[in-house]
S.K.: 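The structure under discussion is supplied below as structure tokens; questions concerning it will follow.
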Protein chains: 2
Amino acid sequence: MYRIGELAQLCEVKTDTLRFYEKHGLLSPSSRTDSGYRIYTENDAERLRFILRAKAVGFTLAEITELLSIELDKSNWACADVKGLVDDKLANVEAKIAELNHFQLSLQRLSQACCGGPESAEHCSILEALESSTDNIRCENHSHTHDDVQFTKNCQNKAVSKNSKEK
Amino acid sequence: MYRIGELAQLCEVKTDTLRFYEKHGLLSPSSRTDSGYRIYTENDAERLRFILRAKAVGFTLAEITELLSIELDKSNWACADVKGLVDDKLANVEAKIAELNHFQLSLQRLSQACCGGPESAEHCSILEALESSTDNIRCENHSHTHDDVQFTKNCQNKAVSKNSKEK
DNA sequence: CTTGACCTTGGATACAACTCCAAGGTTTAT
DNA sequence: ATAAACCTTGGAGTTGTATCCAAGGTCAAG
Ligand SMILES: [Zn+2]
Ligand SMILES: [Zn+2]
Ligand SMILES: [Zn+2]
Ligand SMILES: [Zn+2]
């Protein structure tokens, strides 16, 4: 049994957030004291943890509400319904992962094309990529001195072609 | 030279969005007609494309503002600065992916524990998991008839232990 | 000269998900 | 018995990213 502040501290959220969740039907305390203080059970805490995990990975509160609301009305749902909902969310998550993977790839390509060195960004390949097409990223080729291995470690093509020591 | 509607159509955004970007300092038309119409140059169009590309790889407008300020003033920035922004964003995206993968796993476990059949969800293992700990998911065991292979295909443990035909 | 498509502005609205505030009631420790 | 720390409510404010609206100005065609 927790009071609102205890549960908040336990789960590292603000009391306001718990009241907000209550107002929006995600999590209500199992009871109240005579004086009106909210009393949360361990069960409530578990439910909160689920909400927080779902939230942490990008589920909206609306989606979480949908997922949790079935519980109110179990007998009017079939396993197929419940599983369907979960599978919808799963597809949702997988779509988000795919989208982020796309971002990741784009960012990795941008990152890898830039030497990350201390010289002027005038020829920075990241900026050049953003200036033109992102599909067409070239390893940058500074006009200034740029042979130092320290600054070409991320720039394989250039490192190989310019200071061909290895070969 | 484009009027706002032309540029909007060209880049597939709304005129409101262009005015919004202007208000927030991301993109201002190079000039105005005598009557006050915004006039965008090809240069402005390029800048807009820069913004849209950066958005497409996951940067927020605030981050794009930062990128644009570097763009305008390249020579006072180093590759390291630019790459730093990209790498921060990359770390950010990767953290989000990791979280999503975690939740994907949870959802997959939920999904797999449920038979997905047409009978009441009263004993649905998904709901049971939501009610208590999600770490402790058991394959559901309906009290009603549930031997049909059709409804147990996703429920390996039960399928094996209950109707032990295979073995 | 009228019509319709386009443009202007400032301000309103939307949505998510909080976050803070004011004014007051309750508990607990000393 | 009083202060500190907690709790209550309703409502307002915040951030990001737009999107919409009203009232009116501009422009080209017929
Ligand atoms: Zn460089
Ligand atoms: Zn660079
Ligand atoms: Zn079932
Ligand atoms: Zn089930």
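Computed from heavy atoms alone, side chains included, the values below leave out hydrogens, waters and symmetry copies.
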S.K.: Could you tell me which residues satisfy side chain to side chain contact (heavy atoms under 4.5 Å, CB included) with Asp44(B), sequence neighbours excluded, listed by chain and number?
M.R.: Leu27(B), Ser30(B), Tyr40(B), Thr41(B)
S.K.: For residues 8-19 of chain B, which side-chain donor-acceptor pairs fall under 3.5 Å, sequence neighbours excluded?
M.R.:
unit_1: Asp16(B); atom_1: OD1; unit_2: Arg19(B); atom_2: NH1; d: 3.3

S.K.: If you measure from NZ on Lys55(A) to CG on Leu48(A), what distance do you get to the nearest 0.5 Å?
M.R.: 10.0 Å
S.K.: Could you write out each protein N or O paired with an N or O of nucleotides 2-4 of chain D at a distance under 3.5 Å?
M.R.:
none

S.K.: Find the distance Asp34(A):CG to dG25(C):P and express it as a whole number of Å.
M.R.: 17 Å
S.K.: What residues, two or more places apart in sequence or in another chain, satisfy side chain to side chain contact (heavy atoms under 4.5 Å, CB included) together with Phe59(B)?
M.R.: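 Phe59(B) satisfies side chain to side chain contact (heavy atoms under 4.5 Å, CB included) with Leu107(A), Ala54(B), Val57(B), Glu63(B), Ile64(B), Leu67(B), Val86(B), Lys89(B) only.
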S.K.: Tell me the interatomic distance from Leu26(B), atom CG, to dG16(D), atom C1', rounded to whole angstroms.
M.R.: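 That distance rounds to 12 Å.
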S.K.: Which of these nucleotides, dT8(C), dA17(C), dT17(D), is closest to any side-chain atom of Arg38(B)?
M.R.: dT8(C)
S.K.: How long is the straight-line distance from CD of Glu22(A) back to CG of Leu26(A), given to the nearest 0.5 Å?
M.R.: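 So the CG of Leu26(A) and the CD of Glu22(A) are separated by 11.0 Å.
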S.K.: For DNA chain D, find the residues of residues 7-23 of chain B with a heavy-atom distance under 4.0 Å and give them by number; none if there aren't any.
M.R.: Lys14(B), Asp16(B), Thr17(B), Phe20(B), Tyr21(B)
S.K.: Using heavy-atom distances to pick each residue's nearest nucleotide on DNA chain D, tell me which of Gly5(A) and Thr60(B) is more 5'.
M.R.: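 Per heavy-atom nearest nucleotide, the more 5' residue is Gly5(A).
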S.K.: Ile4(B) CD1 to dC6(C) P: how many Å, rounded?
M.R.: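 Value for this atom pair: 13 Å.
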S.K.: Just checking Asp73(B): does its CG atom have more than 12 heavy atoms from other residues, nucleotides or ligands closer to it than 6.0 angstrom?
M.R.: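 For Asp73(B), atom CG is crowded (more than 12 foreign heavy atoms under 6.0 Å).
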S.K.: Quick one: His24(A) NE2 to dG10(D) C1', roughly how many Å, whole number?
M.R.: 14 Å
S.K.: Using atom CZ of Arg32(A) as one end and atom P of dC7(D) as the other, report the distance to the nearest whole Å.
M.R.: 12 Å
S.K.: Whole angstrom is fine here: how far is it from CD in Glu6(B) over to C1' in dA5(C)?
M.R.: 12 Å
S.K.: Is the shortest distance from a Lys or Arg side-chain nitrogen in Arg53(B) or Glu71(B) to a carboxylate oxygen in the other one below 4.0 Å?
M.R.: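 Looking at Glu71(B) together with Arg53(B), the answer is no, because their closest N to O distance does not fall below 4.0 Å.
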S.K.: Do NZ/NE/NH1/NH2 and the carboxylate oxygens of Glu42(B) and Arg49(B) come within less than 4.0 Å?
M.R.: yes
S.K.: In Å and rounded to the nearest 0.5 Å, what is the CZ to CD1 distance from Arg32(B) to Ile39(B)?
M.R.: 9.5 Å
S.K.: When the distance from CD1 of Ile51(A) to C1' of dC18(C) is rounded to whole Å, what number comes out?
M.R.: 14 Å
S.K.: For the CG atom of Leu90(A) and the NZ atom of Lys83(A), what is their distance to the nearest 0.5 Å?
M.R.: 10.0 Å
S.K.: Any chain of hydrophobic side-chain contacts (each under 4.5 Å) joining Tyr37(A) to Tyr2(A)?
M.R.: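 Cluster IDs for Tyr37(A) and Tyr2(A) differ.
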S.K.: In whole angstrom, give the distance that lies between atom CG of Leu48(A) and atom P of dC18(C).
M.R.: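 To the nearest whole Å, that distance equals 11 Å.
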S.K.: Quick one: what's the B/S/- string for nucleotides 23-28 of chain D, heavy-atom cutoff under 4.0 Å, read 5' to 3'?
M.R.: --BBS-
